[in-house]
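Please read the structure below before turning to the comments.
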Amino acid sequence: MATKTIITPVLRFWGFERHPFDDLVLRGDEMSLFVDRDTEVRRLQNALSHPLCGVFGAQGVGKSSVLNKLVQLTLKDGHAVVTVQMMGTSENLLFREILAAVLREILAENIHLSAKLKLKAEQELERVQNSIKYISSVEAAGEVGWKALLNLAVKTGIKKQEEHELAKHTEETTVEMIQGIARNAKDPFVVVIDNLERAKYILNNKDAYFRFITKFAQTIDTTFSELGVPFVVSLDQSFPDRIDGFLPGAEEAYSFSFGQLVEVKVFSPCDFFKLISKRLGHRKWPGTTDDFIEQDAFWALMLSTGGHPRRAFAVLREAMEMIAAKNGKKHIRLEHIRAAIDECGEKLAETDMRIFQFLVANGSHSSSDGKFMKAAGIGRPQLRTRLAELQKKGLLLVEEESSGNVKRDIYSVENLDQK
C-alpha cells in the first residue's frame with residue numbers, strides 16, 4: 001500500500017510528493033535508501049553466533065536502520081526474527097514485551113515448536129498482554145504491589161476469574177517461558193530489541209541505567225548462551241563509555257557479556273553526499289545532486305553537523321523551506337545553509353569554512369603553506385591544530401609526505417565527484 005502524504009507548500013514548490021529528507025527509520029521499501037554501514041552490518045551478522053550483540057551511537061545516527069537492515073538480511077537467510085520495540089513505561093516489562101513478540105511470531109507460524117512443549121500461544125499472549133497493560137496502569141497511577149494491581153483490574157473491568165492469572169507473568173517466569181520456547185524451537189531464531197536505551201529515560205538515572213543493561217546482559221548470558229537464540233540490542237553512547245571508564249580497552253570491556261558491540265558513527269562526507277543523492281533520486285529529483293546543492297553549501301552542512309543525519313536533514317529541510325517561502329531558485333547555496341544552520345541552532349566555525357574553501361579550490365596542502373595560512377586567517381600552530389581536529393572527525397583526508405628527513409602531513413578533502 002502506498003504511503004499517503006499531504007502535499008505541503010514546500011513539497012509543491014520543490015516538486016516532491018514526499019520529502020527527501022524526512023527523519024525516518026528505514027524499513028520495508030525505504031530500505032532501498034540504505035547507504036554504507038556495510039562494515040557494521042557484517043560485524044553484527046558475524047556476531048549472531050554469540051548470545052548477545054548490539055549497536056551503539058548518538059541518537060538519530062541510524063542505529064534502528066542498521067538493525068532493520070540486519071533483520072532484512074537475516075530473514076533472507078531463512079531465519080525467523082522477533083523484533084521488539086521497548087515501549088513500556090517501566091524497565092520491569094522488558095522480558096514480557098519480548099515474550100509477547102515471540103508469541104506473535106509463533107502464532108504467525110514463523111517460529112515452529114516441538115509438540116512436547118504443549119504451549120497454548122494464544123492464551124499465553126493474552127495473559128502477558130494483560131500483565132503488561134495492568135502493570136503499566138498501576139505504575140502510572142502511582143500504586144504499588146499486587147493488591148493494588150488487582151484492585152485496579154477490578155476497576156477497569158477484568159474478569160474476576162482472570163485476576164489470579166495476572167501474577168503468572170512476572171519477569172522471572174517470563175524468562176523461563178522464553179527459555180522453554182528457545183529450547184523447543186525447531187530452528188534458531190533471532191531477537192532484535194530496538195530502542196533499549198529508552199530505559200535510560202524511564203529510569204532517569206545513569207547508574208540505574210547501567211545496572212539495568214548489565215543485569216539484562218547477564219540474564220541473556222546465563223540463560224540463553226547454549227540455546228542458539230542471539231539477542232541484538234541498540235544502546236546509546238553512555239553504556240560503552242561507562243564500561244571503558246572502568247575497564248581497559250573496548251574489547252575486554254565488552255567480553256563479559258557482548259560478543260560484539262558495534263558503533264554506528266556519523267557519515268563521512270562522501271557517504272553523506274551519496275545519501276543525499278539517493279534520497280533525491282528516490283523522490284524523483286529531475287537533476288543532479290549538484291543541481292540541488294552547491295558544494296560550498298554541502299561542506300558547510302558537513303562542518304556544522306559533522307555528518308549526523310538527523311541534524312543535517314533538519315538543516316536541509318530548513319533551507320528548502322526558506323527558499324520556497326521566497327519563491328527563489330531551486331538550488332541550495334551557501335547563504336541558505338548559513339541561515340538554516342543558525343535557525344536550527346547549529347554552529348559553523350568560519351575558520352573551518354575558509355580551510356575547506358581553500359582546499360576545494362587549490363587541492364592538497366600542508367599547514368606550512370603561506371597562502372593556506374593567509375586564507376584560513378590563522379597562524380601555522382593554530383592551523384595545524386584545526387587540520388588535525390578536522391581529520392580526527394573524519395572530515396579531512398591526510399597523507400604523510402617525506403622529503404629527506406622532513407615529514408609533512410598533507411591534507412585534502414574527499415572528491416565527491418568520484419564517489
Side-chain angles (χ1 to χ4, degrees), residues 8-16 18-24 57-62 237 265-280 283 285 287-361 372 374-378 382-383 385-396 411 413-414 416:
T8 64
V10 68
L11 292 178
R12 190 177 301 113
F13 174 83
W14 285 89
F16 295 119
R18 292 189 64 194
H19 207 296
F21 304 114
D22 282 333
D23 181 16
L24 49 81
Q59 275 197 331
V61 79
Q237 186 74 47
K265 299 180 180 179
V266 294
F267 285 99
S268 70
C270 278
D271 284 328
F272 197 77
F273 192 78
K274 188 192 305 181
L275 181 57
I276 291 175
S277 300
K278 266 203 169 187
R279 291 280 183 124
L280 291 172
R283 300 295 186 230
W285 172 250
T288 67
T289 308
D290 287 327
D291 292 329
F292 178 79
I293 182 170
E294 69 178 18
Q295 288 210 6
D296 271 1
F298 172 80
W299 288 115
L301 178 69
M302 288 299 303
L303 287 168
S304 61
T305 65
H308 186 288
R310 176 171 293 170
R311 292 164 53 197
F313 287 165
V315 173
L316 286 170
R317 291 196 301 270
E318 183 64 31
M320 290 172 68
E321 288 182 18
M322 288 177 172
I323 293 170
K326 294 180 179 179
N327 199 28
K329 184 180 178 182
K330 298 175 186 177
H331 185 56
I332 299 177
R333 300 193 303 275
L334 179 57
E335 64 191 75
H336 302 131
I337 287 292
R338 286 186 189 277
I341 286 169
D342 289 341
E343 190 66 27
C344 293
E346 301 287 354
K347 301 294 182 184
L348 175 62
E350 291 302 326
T351 297
D352 293 346
M353 192 64 213
R354 290 193 294 268
I355 287 172
F356 269 79
Q357 286 176 321
F358 179 85
L359 291 175
V360 168
F372 194 5
K374 184 178 180 180
I378 53 178
Q382 296 93 336
L383 178 58
T385 299
R386 288 309 307 145
L387 291 169
E389 283 294 318
L390 292 167
Q391 186 271 328
K392 186 177 180 181
K393 292 178 180 179
L395 296 171
L396 283 180
Y411 292 90
V413 299
E414 290 183 290
L416 304 177

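Heads up: numbering here begins at 1 and tracks the sequence.
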Let me confirm one number: the CD-CD1 distance from E389 to I355, rounded to the nearest 0.5 Å.
11.0 Å
What heavy-atom pair brings M322 and H336 nearest, and what distance separates the two atoms?
SD-O, 4.2 Å
What pair of heavy atoms forms the shortest contact from F272 to P309, and how long is it?
CE1-CA, 4.0 Å
Return all side-chain donor-acceptor pairs below 3.5 angstrom for residues 337-345, not counting sequence neighbours, or 'none' if the list is empty.
{"unit_1": "R338", "atom_1": "NH1", "unit_2": "E350", "atom_2": "OE1", "d": "3.1"}
{"unit_1": "R338", "atom_1": "NH1", "unit_2": "E350", "atom_2": "OE2", "d": "2.5"}
{"unit_1": "R338", "atom_1": "NH2", "unit_2": "E350", "atom_2": "OE1", "d": "3.4"}

For D22 and H19 the tightest heavy-atom approach is OD1-CB, 3.2 Å
Drop me the distance from L24's CG to F313's CZ, to the nearest 0.5 angstrom.
8.0 Å
Should the pair F273 and F298 be assigned to parallel (<30°), tilted (30 to 60°) or perpendicular (>60°) ring geometry?
perpendicular
A side-chain contact here means heavy atoms from C-beta on lying under 4.5 Å apart; do L395 and D352 qualify?
no
How far does CD of Q59 sit from CD of Q237, to the nearest 0.5 angstrom?
12.0 Å
Might you work through the side chain to side chain contact (heavy atoms under 4.5 Å, CB included) test for L334 and Q357, ending with a clear yes or no?
CA-CA 11 Å; L334 179 57; Q357 286 176 321; 3.8 Å; yes
Under 4.5 Å between any side-chain heavy atoms of R279 and L316, yes or no?
no
Working note: R283 + R18, criterion side chain to side chain contact (heavy atoms under 4.5 Å, CB included); need CA distance, chi angles, decisive distance, verdict.
CA-CA 7 Å; R283 300 295 186 230; R18 292 189 64 194; 3.7 Å; yes
What pairs of residues pass the salt bridge (Lys or Arg N to Asp or Glu O under 4.0 Å) test when at least one of them lies in residues 303-316, not counting sequence neighbours?
D23-R310, R311-E346
Any non-hydrogen side-chain atom of F356 less than 4.5 Å from a side-chain atom of M302?
no
I need the L396 CG to Y411 OH distance, nearest 0.5 Å.
8.0 Å
Are more than 12 heavy atoms, taken from residues, nucleotides or ligands other than K278, located less than 6.0 Å from that residue's NZ atom?
yes
Contact check, side chains of I323 and K330, non-hydrogen atoms, under 4.5 Å:
no
I'd like to check V61 versus K265 (side-chain heavy atoms, cut-off strictly below 4.5 Å). Are they in contact?
no
Shortest non-hydrogen contact from D291 toward T288
OD2-N, 2.9 Å
Value for CG (L416) from CG (D271), rounded to nearest 0.5 Å, stands at 10.5 Å
Nearest heavy-atom approach of A297 to I332 is CB-O, 3.8 Å
Can you measure from CH2 (W299) to CE (M353) and round to the nearest 0.5 angstrom?
9.5 Å
Would you say the ring centroid of F292 lies under 6.0 angstrom from that of F16?
no
Where do A324 and W14 come nearest, in terms of heavy atoms and distance?
CB-NE1, 4.2 Å
